[in-house]
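Throughout, numbering of the chain's residues begins at 1 and tracks the sequence.
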Amino acid sequence: YSYNLFVLLLLLLVIFSLLFLCMCTQVTNMSSIEEILEAYWNEGGNPQDVLTRIITLLEKKLEEDVVATTLDSWDPLGSFRSRFHIPEHNGSSSVYLCGNSLGLLPKDTKDVVVGELDKWAKVGVKGHFEGDIPWATCEELLPELCKDIVGADDAKLELAMSNSLTVNLHLLMAAFYRPTKTRNAILIEAAAFPSDRYATSSQILHHGYDPKECLIEVSYSKDVSPDVDSYGIISTQRIIDVINENKDRIALVLLSGVQYLTGQFFDIETITNHIHSINKDIKDSDNHIRIGWDLAHAAGNVPLKLHDWEVDFAAFCSYKYLNSGAGNLSGLFVHSKHANAPMEKLPRFAGWWGVPFANRFKMAQEFECHPGAPGFLCSNVPPLLVASVKPSLELLAEAGGVQTTRKKSIILTQYLESLLKASGLMDKNRPKNYIDIVSPSDWQQRGCQLSLRIVTTSQGRKGTMHELNDLLDAQGVIADTREPDILRASPVPLYNSFKDVHRFVAILKSCLEKL
């Protein structure tokens, strides 16, 4: 009996020792994981290397949910998810990966908007000069909140918010596109957002030229004819080469900061600098090539330094990564070097809101142009839209701005890409279909968005992206499709979790089996 008791106690001692060692190892590993993630957060680094080191320490496969749980428990921005309304599906939170199209509603926004409606009810016209958002000057509350988002210097001089995106692009092109008989072309990327193509073509027509001759579209390869069905990653060198080939006839370059279809983040600084280098050899400044950027998918998504890069002008919307609500206000940026350009040099479409506030209500018959971007305003800015924009911009600032959200965004989207690979969805030997990622594999050349394309094998039925999106929607995943064959998924750092990404890939896999 004593011998058996001794053996039992010895076995228990061994078991407890092993458990203790295991616990010590787990604690050590978790401590190491925290150190790795903190180092990434503070110093940056390759997100794929970070993920590889984490799963090694966890002794798990990337596709196991414990990886997502570990990353979510660390997430410095995780608490901001509770500040948004997350759409529900069957009583639970949906997987919302559609911030590239429409950002979610911050919970603070409703009270601010209702507050303005209440003010209208109580004081009527006096609301123009009362409250936290006086209607007569409400747009002046926004530039400072946008300053760091786009990298402006003097926000009150270089930034304004009004209208919608394409309207602002037209207002800006009316000033910056000054074609001549020899220099009349506009350069855009192939498969640009259709509204940009419509706008640039109509500007060319407006000046009496032919878009077939004067609209230059940079395709992703010199061997591909540029048209709306041709898309791919357009290298910076490819853009520079096409600019050089046409430098004597280009009047304006208008490119996307982040391409809506592929999610590619263009090298704004390098391309803009190249335009300036060409202009140095053009003595007449009136004949310089102007460079503008459509930042619809860039603002709030990737860091920007428009002033430092000396971008001539840019426009951006606020309803995607800035979460202001559908169709809300667009921002416009005009570099301070153009702030005091006379109307004959930079002819703007004028309206009374382009007059400095101090003189606006004097009702003078001669237009007095406000210096800089505010001089491009035409009509009073809707205060209810300002009330929707302001709390969302304040929330982003509270989170640390784009410089901070970008840190999470990089590793969150890398996790999505890595998970698609680890789950076998990109295996070309799958029996029916597989996923191809159209977006750049280099995290420095993309924002949140991954653009996915379904490829059908010889054994599979060709299922469309619309069919796949319907299947995803039925399972509580909200993404979106774009012609000809793209499914866009964009995990947004302020409200998406690593668990969202894990759920998306698992649901995507099951939906692909049904096609």
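- By the side chain to side chain contact (heavy atoms under 4.5 Å, CB included) test, Ser201 is found to be paired with Arg197, Pro211, Leu215, residues two or more places apart in sequence or in another chain being considered.
- Sorted by first then second residue, the ring pair (Phe, Tyr, Trp, His ring centres under 6.0 Å) pairs that include residues 145-188, not counting sequence neighbours, are Phe176-Phe313, Phe176-His338, Tyr177-His207.
- Side-chain contact of Asn100 with Ser490: a donor-acceptor pair under 3.5 Å is present, judged by distance alone.
- Counting non-hydrogen atoms of other residues, nucleotides and ligands closer than 6.0 Å to CZ of Phe129 gives a total above 12.
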Trace of the side-chain hydrogen bond (donor to acceptor under 3.5 Å, both in side chains) decision for His307 with Glu158
CA-CA 8 Å; His307 177 84; Glu158 291 187 322; 2.7 Å; yes
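- Partners of Thr405 according to the side chain to side chain donor-acceptor pair (under 3.5 Å) rule, which considers only residues two or more places apart in sequence or in another chain, do not exist here.
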Which atom pairs, donor and acceptor, lie under 3.5 Å between side-chain atoms of residues 365-380 and protein residues at least two apart or in another chain?
residue, atom, partner, partner atom, Å
Glu368, OE1, Asn359, ND2, 2.9
Glu368, OE2, Asn359, ND2, 3.2

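- With 3.5 Å as the limit, one finds a donor-acceptor pair spanning the side chains of Arg446 and Gln414.
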Per-pair distances, 0.1 Å, donor-acceptor, side chain in residues 103-112, under 3.5 Å, sequence neighbours excluded:
residue, atom, partner, partner atom, Å
Lys107, NZ, Ser82, O, 2.9
Thr109, OG1, Pro106, O, 3.4

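- Thr413 and Glu417 share no side-chain donor-acceptor pair at under 3.5 Å.
- Listed by chain and residue number, nothing satisfies the salt bridge (Lys or Arg N to Asp or Glu O under 4.0 Å) test with Glu144 (two or more places apart in sequence, or in another chain).
- Contact record, Pro391 with Val386: CD-O, 4.5 Å, taken as the closest heavy-atom pair.
- Inter-residue side-chain proximity for Val402 and Asp148 is flagged as unmet; no heavy-atom pair is nearer than 4.5 Å.
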How far apart are the C-alpha atoms of Leu141 and Ile133, what are their side-chain angles, what is the distance that settles it, and do they pass the side-chain contact (heavy atoms from CB on, under 4.5 Å) test?
CA-CA 8 Å; Leu141 300 172; Ile133 304 178; 4.0 Å; yes
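- Screening Asn323, Asn328, Leu494, Leu145 against Ser392 for a side-chain contact (heavy atoms from CB on, under 4.5 Å) leaves a single residue, Asn323.
- The shortest side-chain heavy-atom distance between Leu255 and Trp293 falls under the 4.5 Å cut-off.
- A search for salt bridge (Lys or Arg N to Asp or Glu O under 4.0 Å) contacts involving Asp436 returns Arg453, not counting sequence neighbours.
- Lys407 and Glu43 are not joined by a salt bridge, as no carboxylate oxygen comes within less than 4.0 angstrom of a charged side-chain nitrogen.
- Thr262 and Gln449 get closest at one heavy-atom pair: C-NE2, 4.0 Å.
- The shortest non-hydrogen separation linking Val218 to Arg238 is CG1-CG, 3.9 Å.
- Salt bridge present: Asp312 and Lys337 bring a charged side-chain N and a carboxylate O closer than 4.0 Å.
- For the residue pair Ser388 and Val113, the shortest heavy atom distance occurs at OG-CG2, 3.5 Å.
- The shortest side-chain heavy-atom distance between Phe316 and Cys146 falls under the 4.5 Å cut-off.
- Residues Ala299 and Leu322 approach most closely at O-CG, 4.1 Å, considering heavy atoms.
- No hydrogens or angles considered: a donor-acceptor pair under 3.5 Å links the side chains of Ser330 and Asn168.
- Pairs of residues two or more places apart, or lying in two chains, that qualify as ring pair (Phe, Tyr, Trp, His ring centres under 6.0 Å) and include a residue from residues 236-261 are Phe193-Tyr260.
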Are Arg81 and Asp500 close enough, and set up right, to give a salt bridge (Lys or Arg N to Asp or Glu O under 4.0 Å), and what steps lead you there?
CA-CA 11 Å; Arg81 178 181 172 88; Asp500 282 339; 2.8 Å; yes
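- Counting only residues at least two apart or in different chains, salt bridge (charged side-chain N to carboxylate O under 4.0 Å, His left out) contacts with residues 349-362 are absent.
- A 4.5 Å side-chain heavy-atom check between Pro493 and Cys448 finds at least one atom pair inside the cut-off.
- The side-chain heavy atoms of Met465 and Asn469, taken from C-beta on, include no pair separated by under 4.5 Å.
- Considering every non-hydrogen atom in both Gly447 and Ser409, the closest pair reads C-OG, 4.4 Å.
- Residues Gln48 and Ser418 have side chains in contact (heavy-atom distance under 4.5 Å, counting atoms from C-beta outward).
- In this view, Asp286 and Lys345 satisfy the salt bridge (Lys or Arg N to Asp or Glu O under 4.0 Å) rule, not counting sequence neighbours.
- At least one side-chain heavy atom of Glu398 sits under 4.5 Å from a side-chain heavy atom of Phe80.
- For the residue pair Asn244 / His274, a side-chain donor-acceptor distance below 3.5 Å is found, with atom types taken as modelled.
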For Lys305 and Glu269, what are the C-alpha separation, side-chain angles and deciding distance, and is it a side-chain contact (heavy atoms from CB on, under 4.5 Å)?
CA-CA 8 Å; Lys305 297 181 180 180; Glu269 180 179 14; over 6 Å; no
Can you list the steps and then say if Ile278 with Ile289 is a side-chain contact (heavy atoms from CB on, under 4.5 Å)?
CA-CA 8 Å; Ile278 294 174; Ile289 302 172; 4.0 Å; yes
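- For the pair Ile216/Ile186, no side-chain contact is recorded, criterion being any heavy-atom separation below 4.5 Å from C-beta on.
- For Ser439, the side chain to side chain contact (heavy atoms under 4.5 Å, CB included) partners at least two apart in sequence or on another chain are Ile437, Leu450, Ser451.
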Evaluate side-chain contact (heavy atoms from CB on, under 4.5 Å) for Val258 paired with Phe266, printing each intermediate quantity in order.
CA-CA 6 Å; Val258 171; Phe266 286 118; over 6 Å; no
As a quick check of understanding, evaluate side-chain hydrogen bond (donor to acceptor under 3.5 Å, both in side chains) for Thr272 and Glu310, giving each step before the final call.
CA-CA 7 Å; Thr272 302; Glu310 293 194 62; over 6 Å; no
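- Every residue two or more places apart in sequence or in another chain that forms a side chain to side chain contact (heavy atoms under 4.5 Å, CB included) with Lys119 is listed here: Glu116, Val123, Trp135.
- Taking CD1 of Ile410 as the reference point, atom CZ of Arg406 lies at 4.0 Å (rounded to 0.5 Å).
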